[in-house]
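One is the number of the first residue; the rest follow in order along the sequence. If you're wondering where the values come from, they're calculated on a predicted model, not measured in any experiment.
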Amino acid sequence: MSREVVSDLEMLERLVPPSGRDVVDVGCGGGALVRALTERGARVTGIEISESQLAPALEQDSASGARYLIGRAERLPLDDASVDIVVFMRSLHHVPVADLDGALAQARRVIRPGGAVYVAEPLAEGDFFELTRLVEDEIEVRAAAQAALAEASRAGLDRATTVDYDVRLSIAGLPALRARVLAADPLRADRFDERSAELAAAFERLGEPGERAGERLFLQPMRADVLHVS
């Protein structure tokens, strides 16, 4: 079945309009989503687990007015009922499996009445997944994240809306793929380099050729969920 091809940001804006609202991006990485939401009128806090993980976001954000904090999904450094939207953008499956329910409970704790928890997760299917699983096979952790969402009532949340969609990815070459894979977890560097020849062959075989030399295009299946206080 074909899915709508849309960007992660477009889907988020459609399901939980951020303008004028207090938003927290849990696992903000390099801060691209924080900056994009700030440009759209949201008051945004980005959270990462350590100074080193947060450093790229701080380096790239000199004037957006966003706030950045060090913290973990299962122990959010925020007051009760202090934000309108909690966002897990491709980050819930990086939470330790034993802490998934706790992370959703923390999101429930910090949202205000009428607020929402927004979760966008990559699905374990498609060419891009087949490529990246050579570095780290995330079948189990992605399944665990979906299982936690299916049982979100344990955290006091109702899974109100679920939408499957595709994101079009353009990867300029193997160095660009390496940068993308390591952005999620720098500890993947050794594994990537050990399997670089296998990855190069798979990169040429999977996806579709792009317009530029060495470029490959992929469709990444995604699932977006909106959860409200039950």
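Salt-bridge formation is not detected for the pair Glu136/Arg191: no Lys NZ or Arg NE/NH1/NH2 atom is positioned less than 4.0 Å from an Asp or Glu carboxylate oxygen. Salt-bridge check for Arg112 with Asp22: passed, with a basic side-chain N closer than 4.0 Å to an acidic carboxylate O. Of the charged side-chain nitrogens involved, none lies within less than 4.0 Å of a carboxylate oxygen, so that Glu121 and Arg223 do not count as a salt-bridged pair. Contact check on Glu4 versus Arg168 returns no salt bridge, with no Lys/Arg side-chain nitrogen under 4.0 Å from an Asp/Glu carboxylate oxygen. Under a 4.0 Å N-O distance rule, the pair Arg205/Asp127 does not qualify as a salt bridge.
Annotation for Leu123 and Phe129: closest pair O-CB, 4.4 Å, computed over non-hydrogen atoms. Among all heavy-atom pairs drawn from Met11 and Val6, the shortest one is CE-CG1, 3.6 Å. Residues Asp8 and Tyr118 approach most closely at O-OH, 4.4 Å, considering heavy atoms. Across all non-hydrogen atoms, the minimal contact from Ala189 to Arg178 is CB-NH2, 3.7 Å. Here the closest heavy-atom approach between residue Pro18 and residue Ala42 is recorded as O-CB, 3.4 Å.
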- Run the side-chain hydrogen bond (donor to acceptor under 3.5 Å, both in side chains) check on Arg67 and Thr45 step by step: do they pass? CA-CA 5 Å; Arg67 179 174 65 152; Thr45 298; 3.2 Å; yes
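Other residues, nucleotides and ligands contribute only 12 or fewer heavy atoms inside 6.0 Å of the CG atom of Asp79.
If you check the side chains of Ser64 and Asp61, you find a donor sitting under 3.5 Å from an acceptor.
Between Leu219 and Phe128 the shortest side-chain heavy-atom distance does not fall below 4.5 Å. Counting heavy atoms from C-beta on, the side chains of Phe192 and Leu177 come closer than 4.5 Å. Side-chain atoms of Arg212 and Ser170, non-hydrogen and from C-beta on, do get closer than 4.5 Å to each other. Contact check for Val229 versus Asp158: no side-chain heavy atoms found under the 4.5 Å cut-off. Contact of the Asp164 side chain with the Met222 side chain is not registered, since no non-hydrogen atoms from C-beta on lie closer than 4.5 Å.
When each of Val117, Asp225, Asp25, Val24 is tested with Phe88 by the rule side chain to side chain contact (heavy atoms under 4.5 Å, CB included), just one qualifies, namely Val117. When each of Leu54, Val87, Val44, Leu33 is tested with Cys28 by the rule side chain to side chain contact (heavy atoms under 4.5 Å, CB included), just one qualifies, namely Leu54.
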